[in-house]
Amino acid sequence: MNDAKCHMSRDLLASYLDNELPGPARAEMALHLTQCTECQVERDAMEALRQRLAAAGPHPLTAGLEARINAALDAESPLQPNPERSRPWSSLGPMTWPRLAALAASHAAVALLTAGLLYGMLSGTDERDRALHEIVNAHARAALTNQMVQVASSDTHTVKPWLAARLPYSPNVHDYKPQGFPLLGGRIDFLLDEPVASLVYGRREHLITVFVVPLDRASTLAVPAANWRGYHVIGWRDASFSYLATTDLNLSELKDFVVLAGGS
Ligand SMILES: [Zn+2]
């Protein structure tokens, strides 16, 4: 069977993976999967896709993306419309996982997937990644160029007015020296083209930047807790601001700091 063209449909395989096949068909597919390399590869691809979708959460298919997929499909087979692949997504229903599996079966869709377009648009990952990279890069750039602080002071009454004079808002500034995270000062960074207050704290030889972002801009900079290029990022918020801490300090001590600063 490894050499013969596989007779199992991908819909059947998708149903099997979703535990939707009745007993006998399920047993047949399970047996088939032990023998058919083609289906094993397909199964692995579907599982990988499903995991990414599960991580991405629900998201509507945008009209722009639908148009691109349809255009790509039209280019793929202009003369021989394949009924099984005739735009299963064209009725803009919810983007379910079997639907995406069907989508992934198309060469055109695979090309789009490879480009990262579909995944990015499904999850907002592009935006989140961009925010994450900006946050980490701002910290790393300042550290590498020895410009961590533009106002070097452990006095909150010095740092806060310095920042407020240069920003359209006045961030909360606290010192945590007694708890082992001394305030070293502050600086102005640009995140997604807007200036933000950056507070700098020390922990042994490590530095922590805390970006203080007004809540009306918080959504554009919302990133889940992450690690990128060896830097941890954790965010939290209070009634006035969103906070994003990044550092090369170990995660455990960063979490201690975040709890101290009002996160959880
Ligand atoms: Zn097969």
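Computation of the quantities below employed the complete heavy-atom set of this structure, encompassing side-chain atoms and omitting hydrogens, waters and symmetry-equivalent molecules.
Remark: His206 NE2 to Arg203 CZ distance equals 10.0 Å, nearest 0.5 Å. Between Leu260 atom CG and Tyr201 atom OH the span is 9.0 Å, to the nearest 0.5 Å. In this structure, NE2 on His139 lies 13.0 Å from CG on Leu244, to the nearest 0.5 angstrom. Taking OG of Ser15 as the reference point, atom CZ of Arg26 lies at 11.0 Å (rounded to 0.5 Å).
Side-chain atoms of His174 and Asn172, non-hydrogen and from C-beta on, do get closer than 4.5 Å to each other. Between Gln147 and Thr145, the closest side-chain pair of non-hydrogen atoms falls below 4.5 Å. By the 4.5 Å heavy-atom criterion applied to side chains, Arg128 and Pro224 are counted as neighbours. Counting heavy atoms from C-beta outward, Leu191 and Leu221 have side chains that approach closer than 4.5 Å. A 4.5 Å side-chain heavy-atom check between Leu21 and Leu12 finds at least one atom pair inside the cut-off. Residues Trp228 and Val233 have side chains not in contact (no heavy-atom distance under 4.5 Å, counting atoms from C-beta outward).
Checking Asp175 against Ser154 by side-chain atom types alone, no donor-acceptor pair falls below 3.5 Å. Thr209 and Arg187 form a side-chain donor-acceptor contact under 3.5 Å, judged by distance and modelled atom types alone.
Between Tyr169 and Phe241, the two ring planes are tilted [angle within 30° to 60°].
A donor-acceptor pair under 3.5 Å is formed between the side chain of Thr246 and the backbone N or O of His232. Side chain of Asn250 to backbone of Ser252: a donor-acceptor contact under 3.5 angstrom is found. At distances below 3.5 Å, not a single donor-acceptor pair connects side-chain atoms of Glu127 with backbone N or O atoms of Thr220. Not a single donor-acceptor pair under 3.5 Å links the side chain of Gln150 to the backbone N or O of Gly186.
When all heavy atoms of Val200 and Met148 are compared, the pair lying nearest together is CG2-O, 3.3 Å. Nearest heavy atom pair, residue Leu33 against residue Gln40, reads O-NE2, 2.7 Å. Of all non-hydrogen atoms in Arg237 and Ser242, the two that sit nearest each other are CB-CA, 3.9 Å. Nearest heavy-atom pair, Asp155 versus Ser153, reported as atom, atom and distance to 0.1 Å: N-OG, 2.9 Å. The heavy-atom pair separating Ala197 from Leu163 by the smallest distance is CB-CD1, 4.0 Å. In this structure, Pro214 and Val212 approach most closely via the heavy-atom pair CD-O, 4.1 Å.
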Exercise for the section: Please step through side-chain contact (heavy atoms from CB on, under 4.5 Å) for the pair Thr156 and Lys160, ending with a clear verdict. Expected result: CA-CA 6 Å; Thr156 60; Lys160 182 180 169 75; 5.6 Å; no

Handout entry: Full working for side-chain contact (heavy atoms from CB on, under 4.5 Å) between Leu183 and Lys177
Key = CA-CA 7 Å; Leu183 175 68; Lys177 184 174 184 181; over 6 Å; no

Exercise for the section: Check the pair Phe190 / Glu134 against side-chain contact (heavy atoms from CB on, under 4.5 Å), numbers first and verdict last. Expected result: CA-CA 8 Å; Phe190 276 77; Glu134 293 238 344; over 6 Å; no

Practice task
Evaluate the criterion side-chain contact (heavy atoms from CB on, under 4.5 Å) for residue pair Val149 and Val159; output intermediate values, then yes/no.
Solution key: CA-CA 10 Å; Val149 290; Val159 175; over 6 Å; no

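No continuous path of hydrophobic side-chain contacts links Leu215 to Val173 [ILVMFWY only; heavy atoms under 4.5 Å]. Under the 4.5 Å side-chain heavy-atom criterion for ILVMFWY residues, a single connected hydrophobic cluster contains both Tyr231 and Ile208. Tyr176 and Val259 fall into different hydrophobic clusters, where Ile, Leu, Val, Met, Phe, Trp and Tyr residues are linked whenever their side-chain heavy atoms come under 4.5 Å apart, directly or through other members. Under a hydrophobic-cluster definition in which Ile, Leu, Val, Met, Phe, Trp and Tyr are linked whenever side-chain heavy atoms come within less than 4.5 Å, directly or via other members, Leu207 and Ile234 are assigned to different clusters. The same ILVMFWY cluster, assembled from side-chain heavy atoms under 4.5 Å apart, contains both Val223 and Leu254.
Taking the ring centroids of Phe257 and Phe181, they lie under the 6.0 Å cut-off. Ring centroids of Phe211 and Tyr243 are separated by 6.0 Å or more, keeping the two rings apart.
A salt bridge links Arg204 and Glu253; the closest N-O separation between the charged side-chain nitrogens and carboxylate oxygens is under 4.0 Å.
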